[in-house]
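What follows is a short report on a single structure.
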Amino acid sequence: MHNIKDIRKNFEDFKKSMELRNTDLDFENILSLDEKNRALIQEKENLEKEKKNISKSKDEKLFAKSKEISTKIDDLSKKQHSIKKQLDDILSSIPNIPLKDVPIGKDENDNKEILKVGEIKNFAFKPKSHYEIGEKLNMLDFDLATKTTGSRFVFVKDKLASLERAISNFMIDTHTKINGYTEISPPLMVTDETMFGTGQLPKFENDQFEIKFDEKEGRKFLIPTAEVILTNMVKNQIINLNSLPIRVVASTPCFRKEAGSYGKDTKGMIRQHQFYKVELVSIVENSNCIDELERMTNSATMILDKLKLPYRKIILSTGDMGFSAEKTYDIEVWLPSENKYREISSCSSCGTFQARRMKARYKNKENVTDFVGTLNGSGLAVGRTLIAILENYQTEDGSVQIPDVLKPYMDNIDKISIN
RNA sequence: GGAAGGAUGGGUGAGCUGGUUUAAACCAGCGGUUUGCUAAACCGCCGUACGCUUGAAAAGGUGUACCGAGGGUUCGAAUCCCUCUCCUUCCGCCA
């Protein structure tokens, strides 16, 4: 969320940034609401001062007048709150401003590749898709999921279920032992306020699963990514400088409605309503965001290096970035059956954008309170890593080799084959 | 689910028989003195948000609100009343 003061001050810059992000806004309305709001605050504060003086004087003759002032204040207060709410509603739906080095563009076609790693294997046969491999092995069962739950879910069985768990454990171990992250096992449900903090609400409510809870309770949602709950660990607090940076990692299921992607990736487990993801979150001094983003992205690619999966790193254009991001790297893994790279991780710096929404602050070196910087990245999407291993490590007879680094997690077996 | 107690600044914690509280004190933090360095000691500063204002800016000045959240009583609420949330302890139930 943006500070209205900054918008007021750098209005033209702000306008331009929003155009880069294809955001259509009624800029004049923002300014006029802001002015009205401030005028009402002034009026109200003057009355409050008068009232305060009367009560201090303890002059009984003025008591009646004080009462009169109270009703006026109530009235002004209501007006001001309504204006402020209108303003906040608009502000809370405005995306973050891209950093200067983010390529300007309309959509994903304007993203820029910046790195390509690993050798793409030349198969002597036509490589099968992950779902063909999985179904042949009898270890991916989409029909069973349809029967019990619905579309876009899957049963992972037997050795593939172990492999999925192995992937997750391997990632967590790498991030905790080598990359300096602390493991967290968080709640998978959050309040609406928490969803607001990271930017899922109010604008993207349609993508979220809401849980029916007791009437009395506030609203609760299933997390669409652990980013939501890990980032919000610092909400509504002022952190000591010496406890920064905070680096946490969690492996959690993620729940997404995938509204608006009806035709996309209907086959296989590329796009599911529920999937496991290992998520990295960093809370840093806001001046360290850029460095931390590189560090985080390197932590994510380290996994692919160790798994010996070919990948590329791209920087998202202004038109393709997520709502809260100021700069995003996507990491895409090679899928032989599709003959192209597919997203397996997305690492973003959000600057102070989420911190403002969460009111997450710290005391900087000058002892001045300032908003923290927040970053999040997948390290990596577990389901898609499973897919990548199935496809890249497949052999002609339908079995799948186990990547060396995962063998210790799989009873040191070499491959998974048809029973 | 029942009963009792509690929630105060970054932390600990007084105030809670309405008006010298304009939120004490301690710790942490920041600045300084001393010092070969560290430590210690001593001195000073130190809540948050928003408005107005001086200034090119950095940084000041000033006002209002805020003592878990929201309402109420009152000329006046951290303090009294109501509702809710969360925490602690005890009882019951339970993986």
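Throughout, protein chains are lettered first and strands after them, A, B, ... in sequence-line order, and every chain is numbered starting at 1. Keep in mind that this is a model prediction, so the values were computed, not measured.
- Mapping Thr369(A) and Gln237(A) onto RNA chain B by nearest heavy atom places Gln237(A) closer to the 5' end of the strand.
- Between the side chains of Asn37(A) and Gln80(A), at least one donor N or O sits under 3.5 Å from an acceptor N or O.
- Regarding His81(A), its NE2 atom lies at a distance of 14 Å from the P atom of C50(B), rounded to whole Å.
- Atoms CD (Gln80(A)) and P (C50(B)) sit 13 Å apart, rounded to a whole Å.
- Residue-level contact check: Arg8(A) touches the backbone only, with heavy atoms under 4.0 Å from sugar-phosphate atoms and none from bases.
- Taking atom P on both G63(B) and A56(B), the two are 24 Å apart, rounded to the nearest angstrom.
- Atom CD in Glu68(A) sits roughly 13 Å away from atom P in G76(B) (whole-Å rounding).
- The pair Lys84(A)-Asp88(A) meets the salt-bridge criterion, with a side-chain N (NZ, NE, NH1 or NH2) lying under 4.0 Å from an Asp/Glu carboxylate O.
- Between the side chains of Asp330(A) and Ser346(A), a donor-acceptor pair is found at a separation under 3.5 Å.
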- request: For the pair Asp370(A) and Asn286(A), evaluate side-chain hydrogen bond (donor to acceptor under 3.5 Å, both in side chains) and give the outcome as yes or no after the intermediate values.
  value: CA-CA 8 Å; Asp370(A) 199 359; Asn286(A) 56 43; 3.0 Å; yes
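- Using atom C1' as the reference point in both G44(B) and G36(B), the two lie 26 Å apart (nearest Å).
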field: Trace of the side-chain hydrogen bond (donor to acceptor under 3.5 Å, both in side chains) decision for Glu183(A) with Thr176(A)
entry: CA-CA 7 Å; Glu183(A) 183 176 359; Thr176(A) 54; 5.5 Å; no
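- Within 6.0 Å of NZ in Lys359(A) there are 12 or fewer heavy atoms belonging to other residues, nucleotides or ligands.
- The pair Asp143(A)-Lys147(A) does not count as a salt bridge, with every side-chain nitrogen at least 4.0 angstrom from each carboxylate oxygen.
- Between Leu40(A) atom CG and C50(B) atom C1' there is a gap of 14 Å when expressed in whole angstrom units.
- Here, A24(B) and C52(B) have their C1' atoms 31 Å apart, quoted to the whole Å.
- Annotation: U64(B) and U22(B) have their P atoms spaced 12 Å apart (nearest Å).
- Under the 3.5 Å distance criterion, with hydrogens and angles disregarded, no donor-acceptor pair is assigned to the side chains of Ser317(A) and Lys106(A).
- Between the C1' atoms of G18(B) and A78(B), the separation comes to 11 Å (whole Å).
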Just the atom pairs and distances: protein N or O near nucleotides 61-67 of chain B's N or O, under 3.5 Å.
from	atom 1	to	atom 2	distance (Å)
G63(B)	N2	Glu45(A)	OE1	3.2
G63(B)	N2	Glu45(A)	OE2	2.8
U64(B)	O2'	Glu48(A)	OE1	2.4
A65(B)	OP2	Lys52(A)	NZ	3.3

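- One P atom belongs to C26(B), the other to U85(B), and the distance between them is 39 Å to the nearest Å.
- Atom NZ of Lys136(A) has 12 or fewer heavy atoms from other residues, nucleotides or ligands within 6.0 Å.
- No hydrogens or angles considered: nothing links the side chains of Lys277(A) and Ser251(A) as a donor-acceptor pair under 3.5 Å.
- If you check residues 26-35 of chain A against RNA chain B, you find no residue with a heavy atom closer than 4.0 Å.
- For the P atom pair drawn from G5(B) and C93(B), the interatomic distance equals 24 Å after rounding to whole Å.
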Could I get a table of every N or O pair under 3.5 Å where one atom is in the protein and the other is in nucleotides 16-23 of chain B?
from	atom 1	to	atom 2	distance (Å)
G19(B)	N2	Ser55(A)	O	2.7

message: What verdict does the side-chain hydrogen bond (donor to acceptor under 3.5 Å, both in side chains) test give for Thr191(A) and Glu193(A), after you've listed the backbone C-alpha separation in whole Å, the side-chain angles of each residue and the deciding distance to 0.1 Å?
response: CA-CA 5 Å; Thr191(A) 62; Glu193(A) 192 192 75; 5.1 Å; no
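- Taking only side-chain atoms of Lys51(A), from C-beta outward, the nucleotide of G76(B), G51(B), U48(B) with the closest atom is G76(B).
- Atoms CG (Asn236(A)) and C1' (G11(B)) sit 17 Å apart, rounded to a whole Å.
- Nucleic acid contact class of Lys61(A) (heavy atoms, under 4.0 Å, all strands): none.
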message: Show, in sequence, the C-alpha distance, side-chain angles and deciding distance for Thr297(A) and Glu294(A), and conclude whether the side-chain hydrogen bond (donor to acceptor under 3.5 Å, both in side chains) test is met.
response: CA-CA 5 Å; Thr297(A) 310; Glu294(A) 298 301 322; 5.5 Å; no
Atom pairs under 3.5 Å: protein N/O with N/O of nucleotides 27-31 of chain B:
from	atom 1	to	atom 2	distance (Å)
G29(B)	O2'	Asn367(A)	OD1	3.3

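- Taking the centre of each ring, Phe323(A) and Phe204(A) come in below the 6.0 Å mark.
- More than 12 heavy atoms of other shown residues, nucleotides or ligands fall within 6.0 angstrom of atom NZ in Lys44(A).
- The number of heavy-atom neighbours closer than 6.0 Å to NZ of Lys203(A), taken from other residues, nucleotides and ligands shown, is above 12.
- Scanning for side-chain hydrogen bond (donor to acceptor under 3.5 Å, both in side chains) contacts around Asp75(A) gives an empty result, with sequence neighbours left out.
- Side-chain contact of Gln354(A) with Thr198(A): a donor-acceptor pair under 3.5 Å is absent, judged by distance alone.
- Rounded to whole Å, atom P of A57(B) lies 14 Å from atom NZ of Lys5(A).
- Between the CD atom of Glu50(A) and the P atom of G76(B) there is a distance of 14 Å, rounded to whole Å.
- For the pair Tyr362(A) OH and G47(B) P, the interatomic distance rounds to 19 Å; values are reported in whole Å.
- Using a 4.0 Å cut-off between charged side-chain N and carboxylate O, Glu332(A) and Arg342(A) make no salt bridge.
- Comparing G72(B) with C66(B), their P atoms sit 13 Å apart, to the nearest whole Å.
- In terms of phosphate contacts, Arg361(A) brings no side-chain nitrogen or oxygen within less than 4.0 Å of OP1 or OP2 of G47(B).
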- line: Base-pair string, RNA chain B, Watson-Crick plus G-U, cut-off 3.5 Å on both distances, | for inter-strand, is ((((((((.[[[..)...(.....]]].(((((.......))))).((((((((....)))))))).[[[[[..)....]]]]])))))))....
